[in-house]
2 protein chains.
Amino acid sequence: MATIKDVSDLAGVSQATVSRVLNGTTRVDDDKKRRVLEAIKQLGYRPNAHAKSLASNRSNSIGMVVSELAGPYFGEMMAGAEAIIRRNDKQMLIASSHASESEEREVIDFLLSCRCDALILHAETLSDAELVKIHQQGTVLVLLNRYIPAIAEQCFVLDNELGGFIQTEHMIQQGRRRVACILGPQWKHDAKERFEGYLRALKQYQLPFDPELVVEGDFQESGGYAGVKKLIARGARFDALVCANDEMALGAMDALSEQGVAIPEQVAVIGFDDIAYANYVTPKLSSIHFPVRQIAADAAWLVMQSVYKMEPPEEIVQQVMPKLVTRQSSNCG
Amino acid sequence: MATIKDVSDLAGVSQATVSRVLNGTTRVDDDKKRRVLEAIKQLGYRPNAHAKSLASNRSNSIGMVVSELAGPYFGEMMAGAEAIIRRNDKQMLIASSHASESEEREVIDFLLSCRCDALILHAETLSDAELVKIHQQGTVLVLLNRYIPAIAEQCFVLDNELGGFIQTEHMIQQGRRRVACILGPQWKHDAKERFEGYLRALKQYQLPFDPELVVEGDFQESGGYAGVKKLIARGARFDALVCANDEMALGAMDALSEQGVAIPEQVAVIGFDDIAYANYVTPKLSSIHFPVRQIAADAAWLVMQSVYKMEPPEEIVQQVMPKLVTRQSSNCG
DNA sequence: TTGTATGCGTTATCAT
DNA sequence: ATGATAACGCATACAA
C-alpha cells in the first residue's frame with residue numbers, strides 16, 4: 001500500500017507538504033495542493049492510522065466495553081455511544097467481555113494497547129479499586145450503570161433500587177398481594193439493587209417476605225422461563241411476577257402461557273429495561289424505562305468534552321430516574 | 001505511559017531482549033526474563049499496538065462492518081464473528097454504516113486505515129465493482145449475505161429467493177389463497193430476492209399476483225405495523241401475510257391484533273430470519289431460519305484460515321439453505 | 001543468548 | 001509557504 005513518501009515523490013513535493021494538505025494545518029500553494037490530491041487519488045493512498053497515532057500521540061478513537069454484542073440492552077448501548085462518537089469524527093472500538101473477569105481485564109488491556117483516547121465501560125466484574133487505578137493512571141474513562149464514589153464524576157447510573165421498588169409497588173397497587181420475583185444474578189450490582197428495591201416495597205406495604213416466591217435467573221429469556229417452572233414446581237402461589245429484566249419477563253410469560261395462566265388476570269407481570277420488544281409481545285409488557293441509548297450517548301458526550309473539548313448540545317445527565325411504563329401485562333393496557 | 005525503553009532500562013537489558021520475552025521469538029536467559037517481567041509489572045507497561053503494527057506490518061485485527069449495532073440480526077452477526085476471532089487471539093474492530101453509501105465507504109476507509117489484516121463486510125450499498133476493487137488491491141475480504149460472482153469464494157449467502165418461496169408456499173399449503181406480503185426495501189438485494197421467491201410461489205401454485213396485497217416496508221417493527229395499516233386502508237382482503245423479516249412481522253402482528261384480527265385463524269403470519277424473539281411473542285411466530293451467527297462464525301474462520309493459517313474445526317459452509325420453522329402464527333403451533 | 005542499528009509511516013520542529 | 005530531519009515505540013536483521 002502506498003505511503004506518504006510515494007505520494008510526495010509523485011507530486012514532486014516534500015512529505016511535510018503532503019501531510020499539510022492532508023491535515024490542513026498550514027496553507028499550501030494551490031497548484032501543489034492539486035498535484036498532491038491527484039497523486040493521492042492515483043495511488044489510492046490511505047494514511048496509516050498506526051503511524052499517525054504514533055507520531056501524534058492521539059488515536060482519535062474511543063474504546064467501549066460491553067458484556068455482549070448481541071441482545072437489545074447492549075445493542076442500544078453501543079448504538080447510543082457510536083452515534084455521538086461518529087458525529088464528532090472519532091472512531092469507536094468495541095470489545096465484549098462476556099461478563100467474565102479475565103476477559104474484562106483482557107479487553108481493557110487491548111483497548112489500552114490501542115491507546116484509545118478514552119474508555120467507556122460497562123464493567124461488571126472488575127473491582128472498584130481496579131477501575132479507579134486505570135483512571136488514576138491517566139486514562140479518561142467513563143462507567144455505565146455502575147457507581148464508584150471515588151470517581152463519581154465518571155459514572156452514569158440509573159437508580160436500580162428505586163426501579164425495583166417501583167416495579168413492586170406497582171404490582172401491589174394493582175391489588176396483588178403475593179408478588180413473586182425472578183432476580184438477576186446476585187453478584188451483579190444492578191441485579192442486587194433491584195432486588196433490594198423489591199424488598200423495600202414489600203416492607204413499606206407491610207407484606208411478608210416469602211423466600212419461596214423468589215428465584216434467581218440469568219437475565220436471559222431461558223432464565224425467566226426456568227424461573228417460572230421452578231416457582232410452579234415448588235408449589236408457590238402468586239398473583240404477580242416482578243422480573244429483574246425484560247428478557248426474563250418474556251421467558252416467564254412464555255412459561256406462564258404454557259401453563260394456561262392468564263396474564264394479567266391470574267398473574268400480573270412486569271419487566272425492567274423497557275426494551276423495544278416489550279411493546280411487541282402479547283400482552284404488551286409493563287416495564288421500567290431505562291434509557292440506555294440516551295445514557296450511552298451522554299457518556300460519549302462527556303468523553304468528547306473532556307478529551308476533545310467539544311461542547312454537548314444539551315446538559316449531560318449522569319443520574320437518571322427509573323420511570324414506570326404500564327402496559328397490558330400489569331392490567332393497565 | 002511506559003515504553004519498551006523504560007522497561008529495558010529498568011531491567012538492565014536491551015530493548016531487543018524485552019521484545020523477545022514479550023513475543024517469545026527467541027529463548028532468553030531465565031534470570032533476565034524474570035527481571036524484564038518484573039520491570040513490566042512495576043511500570044504497568046503495555047505494548048503500544050500502533051508501534052507494533054507499524055514495525056511488524058501486522059495489526060492482528062479484523063475489521064467488521066454491519067449496518068446497525070442494535071437489533072437482533074446484526075447482534076447475532078457480530079457475536080458470531082467475534083467468538084471465532086477472539087478464540088484465535090485476534091481482535092475485531094466493528095463499525096456501522098447505517099446502510100448509507102457514504103458511511104459504508106467511510107467506515108471501510110477507516111478500517112483500511114487501521115490496516116486490518118482482513119475485512120468482514122455486510123455491504124448493502126457499495127457496488128460490486130467497488131468491492132471487487134478492494135479485494136484486488138490486496139485486502140482479504142469476506143462478504144456476508146451478498147453474492148458477487150467475481151469473488152464468489154469470498155461470499156457467504158443464504159438463498160433468499162428460495163426462502164421467500166418457502167414462506168409463501170407454506171402459507172398456500174395451509175390452505176390460504178389470498179397471501180399478502182410486506183416487502184423489505186427493494187433496493188436491498190436480499191429484500192428483492194425474497195420478493196422474487198414470493199412471486200415464484202404464487203406462479204407455481206397458479207395464484208394471481210395482486211399488487212394490492214403488497215406493500216414495501218423498512219425491515220423495522222414500525223414498518224410492519226404501518227404496512228398492515230396500509231393494507232387495511234386500501235381495503236385489501238387477505239388470509240395470510242408473508243413478511244420479509246421477523247421484525248416487520250412483529251409490528252404487523254401488533255397491528256393485526258389491534259384490529260381484532262385473529263392470528264392465525266383469520267390471517268396466518270410468517271416472518272424471515274428466525275430471530276430469538278420469534279419464539280417469545282404470542283402467537284409464536286413461524287419463520288425462515290437464517291443462521292446468521294453460524295454464517296458469521298464461518299466467515300471469520302475463512303479469514304483465520306487465509307490470513308493466519310489457522311485450521312477451522314469443521315468445514316466452512318458458504319451457501320446455506322433456508323429452513324422453514326413452523327410455529328403458532330401459521331397454525332402449526 | 002544478547003545487543004546494535006535500521007526501518008515502519010507519520011507528525012512536528014526546526015530552518016529557510 | 002516549503003523542505004529537511006528528528007521523534008514516536010516497536011520488531012528484526014545482523015553482528016557479536
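Since the model is a prediction, treat every value here as computed from it, not as a measurement. Below, chains carry the letters A, B, ... as their sequence lines are ordered, and counting in each starts from 1.
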Donor-acceptor under 3.5 Å (A:Thr3 side chain, A:Lys5 main chain): yes
Is there a ring-ring contact (aromatic ring centres under 6.0 Å, His included) between A:Phe290 and A:Tyr73 once you walk through the steps? CA-CA 9 Å; A:Phe290 190 156; A:Tyr73 182 79; 5.7 Å; yes
Check DNA chain C against residues 36-44 of chain B and give the residues with a non-hydrogen atom under 4.0 Å, in numerical order. none
Closest approach of B:Leu158 to B:Asn145 (non-hydrogen atoms, all atoms of both residues): N-OD1, 4.5 Å
What I'd like to find out is whether the side chain of A:Leu10 reaches to under 4.5 Å of the side chain of A:Glu38, using heavy atoms alone. no
Please report the distance, rounded to the nearest Å, between CG in B:Asp29 and P in C:dT2. 5 Å
Please say whether more than 12 non-hydrogen atoms of neighbouring residues, nucleotides or ligands are located less than 6.0 Å from NZ in A:Lys52. no
Hey, does the side chain of A:Thr17 come within less than 4.0 Å of D:dG3's phosphate (OP1/OP2), counting only N and O? yes
Residue pairs involving residues 109-121 of chain B (criterion side-chain hydrogen bond (donor to acceptor under 3.5 Å, both in side chains); sequence neighbours excluded): A:Arg46-B:Asp109, B:Ser59-B:Asp117, B:Asp117-B:Tyr308
Quick one: closest heavy-atom pair of A:Ala152 and A:Tyr147, and the distance? CB-OH, 3.5 Å
Please encode protein proximity along nucleotides 6-16 of chain D as a string of B, S and -, counting only heavy-atom distances under 4.0 Å. --BBBSBB---
Salt bridge check, A:Asp30 against A:Arg34: does any charged N sit closer than 4.0 Å to a carboxylate O? no
